[in-house]
Structure formats: structure tokens, C-alpha cells
Amino acid sequence: MFEHITAYAGDPIFALVDAFNRDSRPHKVNLSIGIYFDEQGRLPVLRCVLEAEQRILAEGGAKPYLPMEGDAACREKVAQLLLGEQHPSIGQGRVATIQTVGSSGGLKVGADFLRTWLPDSAVWVSDPTWDNHRSMFEGSGFAVHSYPYYDATTGGLRLEDMLACLKGLPPRSIVLLHACCHNPTGVDLAPAQWDRLIPVLRERELLPYLDLAYQGFGEGIDEDAYAVRALAASGMTFFVANSFSKSMSVYGERCGALSAICASPAEADRVMGQLRYTVRRIYSSPGIHAARLVAHVLGDADLRAMWQGELAQMRQRMLGVRQALHARLSAVRPDCDLGFLLSQRGMFSYTGLSAEQVDRLREEHAVYLIRSGRLCVAGLTQANVGRVAQALAQVV
């Protein structure tokens, strides 16, 4: 029955983590997988999450299936986090938010929904983008293309080329955009650049699909939602998938959501109904513990303040090791222009290293990056940043 099945080549990032775990060298450094580690190299457990869990346990009660769209309190708080508590689109009933199995689940639900209702559209992703973006939309049956984004010569953004490409797309094309902390490059659009992009999206009748997996890791919770709020202010219809895996350090809980900001309450109601049906065909309903965690942290003033403080500490730590890496590397390689390390934002930086240079880092120095040259800043600490800088200097 299954003789014709080919072997799965494996996910390159998880394979690299397996190789790192087998590496016996005591000085090894993992800068590959997109997970936030603290200064001691540990996955942190946030105090706000621990307190929320204690409250959930104290409340007790049954654990029924959630509705297909997820927990109502969770969904309400997510919409407010994205758009602001008093945003008109929420009060007008134009936002359809569902709780999903992580933001990956949200992306997949949205992809299946769009394949059903915009079957003649194609999807456009940034060059480069997170590998799973392409896989998800192709898995839903879409043709996936790329638009210009990263400038390898400057370590910045190819904005003019990006705009020129989008201006030539057919109406109803789906454009996947990173709202902040671009994965894998760390190169983000500034607010003024979003202000130039959004009129192009609107005039060409394109459908923006935002991925917001790192809210709070770039400039701040509200600052990182600039694209969401600017698109909503423009009157456009768009999707946004968001995650709490990184910002609350709850990776395995799969806390995510998908929101559609629509033109009218009636449209939002129809979209919500079809999103429910899409969920029913995939995983039926999301997890109750994830919903309660998000609802407690976002819905309680004390826990919300605690979360914002802990999130700020994580953001500042990553900024600190960015600055330290830049300083150490600049000291040993003054001939290299390394300004991109400071201008890029979030968990990642695109180093410009070739696959062969990345292999040398791993084999000769026990420093693990993925072969695209993406470096996970969150794996750096003040203790290892000097050795990482020396290793990078030797392979550049």
C-alpha cells in the first residue's frame, strides 16, 4: 500500500538542532532555531504566565470543547491587542478573530479559506521569507511567487523594487507581509515606508496577509502593531495571524489567532462563519489552556503590566547582545560594514554568510546557524558573544 511513498528529507532547522544536541563540544552555541533564550541560555518561564496558570488552577472547573472559533474572552483580547482597545473596527463589528493552534495554525486556516474563496489568486511572499510560508500556501494549492525585499549589498530593504513589483500584480493577489521583526532578515519597513506601501496595496486591490509572530520584540507592543493599525485606518480588508509563543514564552501551548478586518459587519459575519467551517475541517477546535492563558494575561491589569515589563526585558536583552556583537566584531574586522547588525530588529539578523561559511562556523567553531546565514540573536549571551564574534571574523 505504501511502497510508493518517498522519504521525508526532514526540516533543516530541526535537523540542525538535533546535530547541535549531539555535539559534545562544551563551547557550542546554537544560533539556529527561532526561540528566545535568557542570559543563562535557558528557555524562560514568565512570571505573568506562572501567575495566570495558578489562577486557572484555582478556578478549577470542567474542560469542555471550545467552539470552533475558540474562547470568546481570548479572541476579544487578541483583537484589542492588535488594533487597540477602542479601535472603531472592533466597535463596528468588522473584525472576525478566531483562536488558532499557534500562528502557524492561523496561517494555514487562512490559506485554506482563501483557496476556497479566491481560487484564481496567487500568493506573493518576500524574498527571502520563512520557509514554511511557501510550504503552507503551496500545500493549500496556491501558486507562490516572491517580491523583492532584502538588499544583500546594504543589509537593508529594496523598497523601490518591492513597490514596483507590487504595482504590477493582478487585483486580488495575496501579499504576505511581515508586520515586524522580519524572519529571516530582521529588516523591517519603517512607519513612513508602510505609509508608502499601503496606498499601493489599496490601489492595486491586493489582499495583505500579515504575519505578526514577534509583537513586542521589535520596538514595543504598540509600535510593532503599526502595520496592522495603519491598514485598518486605510479601510482595506486584510488578514493578520499572530502568536504568543515568543512574547509569552509558551511555545508548546500553541497560543495564536487569525483575524480578518472586513469592510462591514455583515462581511465579517460571513467570514467568521466560513473560518469556523475551515477550522472544523482541520482540527475542529483549539486548546482551552492556551485560550485561558492569553485571556488571563491580557485581561488582568496586573498580569498585563507584568507581561509588558517582562517582554521589555527580553527585547532589551536582545538589543544589548546585538550591540555587543557589533562592537566585538567591528573591533576585529574594522574593514567590514556591520551596521546592519544594529539596524535589523527582532530575533534575527541576516549575516550575508554563504552556506560554506556557515558550515565552517559549525565544523570549526561549534557555532550553529542555518545555511541561509540567518543568525538568531536570542541565542547570544554576554558570555558567548565574544567567542561568536571571533568565529564570525575568521570565516568572513
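Numbering of residues begins at 1 and proceeds along the displayed sequence.
- A salt bridge does not link R360 to E356: none of the charged side-chain nitrogens sits closer than 4.0 Å to a carboxylate oxygen.
- For the pair V228/L210, a side-chain contact is recorded, criterion being any heavy-atom separation below 4.5 Å from C-beta on.
- By the neighbour-count criterion of 12 heavy atoms within 6.0 Å, atom OH of Y277 is sparsely surrounded, having that number or fewer from other residues, nucleotides or ligands.
- The pair E160-R196 meets the salt-bridge criterion, since a charged nitrogen lies less than 4.0 angstrom from a carboxylate oxygen.
- Salt bridge annotation for D23-R362: absent, with no cationic side-chain nitrogen under 4.0 angstrom from a carboxylate oxygen.
- Between W117 and F113, the ring-plane angle classifies as tilted under the 30° and 60° cut-offs.
- Taking a 6.0 Å sphere around CZ of R55, one finds it holds more than 12 heavy atoms contributed by other residues, nucleotides or ligands.
- Linking ILVMFWY side-chain heavy atoms closer than 4.5 Å, directly or via other members, places W307 and V45 in two distinct hydrophobic clusters.
- More than 12 heavy atoms of other residues, nucleotides or ligands sit less than 6.0 Å from atom CD of E59.
- With respect to the salt-bridge test (charged N to carboxylate O, under 4.0 angstrom), the residues R22 and D18 do not qualify.
- The side chain to side chain contact (heavy atoms under 4.5 Å, CB included) test applied to V332 returns L329, Q390, A393, not counting sequence neighbours.
- A cation-pi contact, defined as under 6.0 Å to the ring centre and within 45° of the axis, is absent between R374 and Y350.
- Taking the ring centroids of F137 and Y209, they lie under the 6.0 Å cut-off.
- For the pair V396 and T351, the minimum side-chain heavy-atom distance is 4.5 Å or more.
- Side-chain contact of D161 with Y147: a donor-acceptor pair under 3.5 Å is absent, judged by distance alone.
- With respect to the salt-bridge test (charged N to carboxylate O, under 4.0 angstrom), the residues R292 and D71 do not qualify.
- Looking only at distances, no side-chain donor or acceptor of S247 sits under 3.5 Å from a matching main-chain atom of G216.
- Looking only at atom types and distance, the side chain of R270 has no donor-acceptor partner in the side chain of Q274 under 3.5 Å away.
- With R229 as the fixed residue, the salt bridge (Lys or Arg N to Asp or Glu O under 4.0 Å) test singles out one of D222, D224, D195: D222.
- Checking E53 against H296 by side-chain atom types alone, no donor-acceptor pair falls below 3.5 Å.
- Side chains of E69 and Q99 form no contact here, defined as non-hydrogen atoms less than 4.5 Å apart.
- In this structure, Y214 has its ring center no closer than 6.0 Å to that of H178.
- Checked for salt-bridge contact, D112 and R115 miss the test: no charged N lies under 4.0 Å from a carboxylate O.
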Exercise. Show your reasoning for whether side chain to side chain contact (heavy atoms under 4.5 Å, CB included) applies to Y283 and T100.
Key: CA-CA 10 Å; Y283 53 82; T100 61; 3.8 Å; yes
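- The pair E39-R317 meets the salt-bridge criterion, with a side-chain N (NZ, NE, NH1 or NH2) lying under 4.0 Å from an Asp/Glu carboxylate O.
- Annotation: cation-pi pair K246/Y251 absent, no NZ/CZ under 6.0 Å from the ring centroid and within 45° of its normal.
- By the 6.0 Å contact criterion, CZ on R172 is open, its count of non-hydrogen atoms from other residues, nucleotides or ligands being 12 or less.
- Between the S103 side chain and the G106 main chain, no donor and acceptor come within less than 3.5 Å of each other.
- The side-chain hydrogen bond (donor to acceptor under 3.5 Å, both in side chains) analysis of residues 318-329, with sequence neighbours excluded, yields the pairs R322-S349.
- Between V321 and Q382 the shortest side-chain heavy-atom distance falls below 4.5 Å.
- With a 4.5 Å cut-off on side-chain heavy atoms, V49 and L293 count as touching.
- Looking at V29 and R387, their side chains come closer than 4.5 Å, going by heavy atoms from C-beta outward.
- In this structure the side chain of L212 reaches within 4.5 angstrom of the side chain of Q215, judged on heavy atoms.
- Between Y149 and L189, the closest side-chain pair of non-hydrogen atoms falls below 4.5 Å.
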